[in-house]
Amino acid sequence: MKLATWNVNSLAVRLPQVLDWLAANPVDCLVLQETKLTDDKFPQAEIEAAGYNVAFHGQKTYNGVALLSRGAPAQDVVKNIPGFDDDMARVITGTVACAGGGIRVIGGYFPNGQAPDSDKFVYKMRWLDALRAWVADELQRHPRLVLMGDFNIAPEDRDVHDPVLLAGTIHLTPEERAHFQGLIDLGLFDAFRLFDQPAKLFSWWDYRMLAFRKNQGMRIDHILVSQALKRHVEACHIDKLPRKNERPSDHAPVVLTLAE
DNA sequence: ATGCCTTGCTTAGCAAGA
């Protein structure tokens, strides 16, 4: 059983790359962020033709998320965070089939936050509060849970290429990291860190300044698993290959492998 | 220090990303 997350930075541009990647990496579940498509423009037929069911929640120009699943469609799909009034399409939740029992998947495109002194940062903090409550509720109902997506948080200094240069900047602030820890404290585990990993593995690289070539990136895309799933985790890796594509997304997919 | 790219929206220059 494989699950993955990928911020595609426009599904209109990246659809062929997503279909190519799925053909080479036929994961059971894939959540996408930054589709940037209203639902009427979502390429449902193309994705279904590739053998995937898909639930999606989009808006014009910004944000937008999708949940792809092989085999059965995701069940009990919820869009955004119930009870949190938000005009941005950032979260999609559903239960995907798995031999060992269904897995509740929450796919999120966390707010960027722009800068620590900005209104967008305030929104990011409010959004993270709401998400934490939503994940806590869902964990009560669904012990087998995965929270994955573009968190826009680098949890530790080792998750960025230059923690001294970037100290205190967006993605690294103590407030953001406290929120990441708050999710962990619900009983979740950063699947990537369940394993010894080589240094300087990242999931995002700026388009500018030849950042990818110089490996000046950050690890801000994450897969968190619940206690009930932790012992089934076989691997978690970042697939850098699509970042080498022509016209790539600035993010790479992150893939979780669970024992059946 | 700033912008460096990329995208969408709209048609040329922003806003936003991270």
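On a predicted model such as this, the values are computed, not experimentally measured, just so you know. Letters A, B, ... are given to chains in the order of the sequence lines, protein chains preceding strands, and every chain is numbered from 1.
The CG-P distance, from Leu37(A) to dC9(B), rounds to 9 Å in whole Å. Between the CG atom of Leu32(A) and the P atom of dT7(B) there is a distance of 16 Å, given to the nearest Å. The separation between Asp119(A) atom CG and dA15(B) atom P is 15 Å, rounded to whole Å. When rounded to the nearest whole Å, the span between CD of Glu34(A) and C1' of dT6(B) equals 10 Å. One interatomic measurement links the two molecules: CE of Met209(A) to P of dG17(B), which rounds to 17 Å at whole-angstrom precision. A straight line from CH2 of Trp204(A) to P of dC5(B) spans 14 Å, rounded to a whole angstrom. Note: CG (Asn245(A)) to P (dT6(B)) measures 13 Å, nearest angstrom. Between Asp250(A) atom CG and dT7(B) atom C1' there is a gap of 10 Å when expressed in whole angstrom units.
Look at Thr61(A) and you won't find any side-chain N or O under 4.0 angstrom from OP1 or OP2 of dT7(B). In terms of phosphate contacts, Asn152(A) brings a side-chain nitrogen or oxygen within less than 4.0 Å of OP1 or OP2 of dA18(B). At dG17(B), none of the side-chain N or O atoms of Lys36(A) fall inside 4.0 Å of OP1 or OP2 (strictly under the cut-off). Considering only side-chain N and O atoms, Arg14(A) lies under 4.0 angstrom from the phosphate OP1 or OP2 of dT7(B). OP1 or OP2 of dA18(B) lies within a sub-4.0 Å distance of a side-chain N or O belonging to His251(A). Within the structure, every side-chain polar atom (N or O) of Tyr207(A) is placed at least 4.0 Å from both OP1 and OP2 of dG3(B). Within the 4.0 Å cut-off from OP1 or OP2 of dG8(B), not a single side-chain nitrogen or oxygen of Lys60(A) is found.
With C1' as the reference atom, dG3(B) and dA16(B) are 15 Å apart, rounded to whole Å. Spacing between dG8(B) and dA18(B) at atom P, rounded to whole Å, works out to 14 Å. Comparing the same atom, P, in dG13(B) and in dT2(B) gives a spacing of 23 Å after rounding to whole Å. Using P as the reference atom, dC4(B) and dC14(B) are 12 Å apart when rounded to the nearest Å.
Using a 4.0 Å heavy-atom distance criterion, Asp221(A) is classed as making no nucleic acid contact. Residue contacts shown for Tyr109(A) are limited to sugar-phosphate atoms, with no base heavy atom under 4.0 Å away. Counting non-hydrogen atoms under 4.0 angstrom, Asn63(A) reaches nothing in the nucleic acid. Nucleic acid contact for Ile220(A): sugar-phosphate only, since backbone atoms but no base atoms lie under 4.0 Å from a heavy atom of the residue.
The number of heavy-atom neighbours closer than 6.0 Å to CG of Asp40(A), taken from other residues, nucleotides and ligands shown, is above 12.
Residue Asn112(A) places a side-chain atom within donor-acceptor reach of the base of dA18(B), judged by atom type and a 3.5 Å distance cut-off alone.
For the pair Arg193(A) and Asp159(A), the salt-bridge criterion is met [side-chain N within less than 4.0 Å of a carboxylate O]. Lys2(A) has no carboxylate O lying under 4.0 Å from a charged side-chain N of Asp28(A), or vice versa, which leaves the two without a salt bridge. Looking at Asp119(A) and Lys124(A), no side-chain N of the basic residue comes within less than 4.0 Å of a carboxylate O on the acidic one, giving no salt bridge.
In terms of position along DNA chain B, the nucleotide closest to Arg247(A) lies nearer the 5' end than the nucleotide closest to the other residue of the pair Arg247(A) and Lys120(A). Taking for each of Asn9(A) and Gly113(A) the nucleotide of DNA chain B with the nearest heavy atom, the 5'-most of the two is the partner of Asn9(A).
In summary, the side chains of Tyr123(A) and Asp86(A) do present a donor paired with an acceptor at a separation below 3.5 Å, with no hydrogens or angles considered. In the model, Thr5(A) has a side-chain atom that pairs as donor or acceptor with a side-chain atom of Gln33(A) under 3.5 Å.
With a 6.0 Å cutoff to the six-membered ring centre and a 45° limit on the axis angle, Arg243(A) counts as a cation-pi contact of Phe212(A).
In the set dA18(B), dA15(B), dT7(B), the nucleotide with an atom closest to the side chain of Asn7(A) is dA18(B).
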